[in-house]
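Below is one structure; the comments refer to it alone.
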Amino acid sequence: MMWPEYITVAALISIGLYGVMAKKNLMKIFIALSLMETGVNLLLITIGYIPGGTAPIENGNFAKYVDPLPQALVLTAIVIGLSVTALALTLLIWYHSKTGTLEYRRGMRW
Amino acid sequence: MRKVVAIILASAFFAVLLVSFSNIQQADYGEKEYYYQNPINGSYANESVPSHYISNTKNETGAVNAVTAIVVEYRGFDTLGEVTVLFTAATGVSFLLYKTRGGKKRTEANLILKEGSKLVLPFILLTGAYIFIHGHLTPGGGFPGGAVIASGFLLMMLSYPKFFMKERAVSVTESMAGITFAFIGLLGLVFASSFLQNFLPLGDAGYILSAGIIPIIYIAIGFKVGSELSSIADKLKEVQK
């Protein structure tokens with residue numbers, strides 16, 4: 001059992017959850033969502049790790065390789081996360097030009 | 001009040017996560033033999049998915065890097081969908097920021113940044129191209145290589161306020177890369193049995209000209225990701241206010 005990695009994952013996801021719930025500034029909410037995303041990616045990579053394993057590139061010198069499937073999934077997830085963050089920031093720019101603020105308010109018309 | 005509730009909920013979630021993680025059988029996740037029933041003859045295959053990938057990647061796809069083989073070959077359809085998501089996001093950014101070009105004046109960068117970035121840009125592009133051309137041999141591939149290329153253009157945008165991506169060239173590159181990806185998939189339908197299946201000779205594993213269609217698709221992905229991320233950065237750069 002590798003505790004430091006799992007504690008880091010849990011801390012990242014919880015801090016992200018706190019940010020999403022407690023903050024009103026939409027920029028900070030996006031940062032918190034990115035933190036949660038990082039935590040989930042780290043969780044996938046950590047689950048796929050095998051003690052003593054090397055990167056899954058065959059060259060005949062190693063007997064043990066880590067699981068390649070979570071790495072492929074996370075490779076995908078990072079790029080998707082980046083593009084989604086860019087789109088969210090663009091929508092935030094639009095929101096700011098309409099309302100003049102970055103705060104989320106209930107019942108706001110825009 | 002809001003913050004107190006948020007802190008309590010987040011700490012409760014932290015505890016729940018820790019408790020659930022303590023049940024993961026870490027040491028033998030990838031090594032454990034998972035038994036899958038064959039739907040055709042009802043027998044149980046004595047093989048797990050990760051160990052199948054690790055032991056058969058070289059023979060089945062010709063690629064040395066198992067992650068690349070999964071991304072491009074075994075789950076290539078997934079990657080096509082992912083590239084579509086990236087394209088949609090880039091289109092959305094361009095759509096929402098269409099009329100904001102020519103924003104407020106920005107100060108010139110200093111001499112060292114300008115000259116240094118001019119000097120470094122070719123090497124950044126070369127590194128990005130190296131990363132996606134060698135995707136089936138070394139760590140990396142189309143997505144990291146494209147991100148490196150986009151970072152080179154981002155450096156130019158930071159140092160020269162008047163540096164713009166040529167929109168025409170970016171869109172042509174992006175469309176050609178996307179068409180290459182889909183067209184190779186269709187060729188797999190023609191010359192082999194299914195979409196995105198390999199129809200080229202595998203070659204000697206470990207050399208650049210090996211692994212059939214994997215390098216071609218990864219080069220296309222590299223161009224596509226690079227042009228899309230640079231166009232996103234270009235659009236986000238010229239925002240008023």
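Contacts of B:S11 with chain A are absent, with no heavy-atom separation under 4.5 Å from either backbone or side chain. With a 4.5 angstrom heavy-atom cutoff, B:P139 touches chain A via backbone and side-chain atoms both. Residue B:I7 touches chain A through both its backbone and its side chain, counting heavy-atom pairs closer than 4.5 Å. Contact of B:L137 with chain A is made through the backbone alone, with heavy-atom distances under 4.5 Å.
Of all non-hydrogen atoms in B:A89 and A:L87, the two that sit nearest each other are O-CD1, 3.8 Å. The heavy-atom pair separating A:M21 from B:A6 by the smallest distance is CE-O, 3.6 Å. Closest heavy-atom contact between B:A10 and A:L17: CA-CD2, 4.4 Å.
By the 4.5 Å heavy-atom criterion applied to side chains, A:I93 and B:L96 are not counted as neighbours. Side-chain contact between B:V71 and A:L75: present, with at least one pair of heavy atoms (C-beta onward) separated by less than 4.5 Å. Side-chain contact check for B:R2 versus A:K24: some heavy-atom pair is nearer than 4.5 Å. Using a 4.5 Å heavy-atom cutoff, the side chains of A:S83 and B:V93 are not in contact. The shortest distance between side-chain heavy atoms of B:L17 and A:I13 falls below 4.5 Å. Between B:L229 and A:L82, the closest side-chain pair of non-hydrogen atoms falls below 4.5 Å.
Heavy-atom neighbours of B:F181 CZ from other residues, nucleotides or ligands within 6.0 Å: above the threshold of 12. Heavy atoms from other residues, nucleotides or ligands lying under 6.0 Å from CZ of B:F87 number 12 at most.
For the options B:L86, B:I232, B:V16, heavy-atom pairs under 4.5 Å to chain A are most numerous at B:L86. With chain A as partner, the option from B:I70, B:T68, B:V5, B:V85 having the largest number of non-hydrogen pairs under 4.5 angstrom is B:I70.
Interface with chain A: from residues 145-154 of chain B, no residue qualifies, criterion being any non-hydrogen pair under 4.5 Å.
Once rounded to the nearest 0.5 Å, the distance linking CZ of B:F143 with OG1 of A:T76 reads 6.0 Å. The distance from atom OH of A:Y18 to atom CZ of B:F14, rounded to the nearest 0.5 Å, is 15.5 Å.
Applying the side chain to side chain donor-acceptor pair (under 3.5 Å) test to every pair with at least one member in residues 72-82 of chain B, sequence neighbours left out, gives these pairs: B:Y53-B:R75, B:E60-B:Y74.
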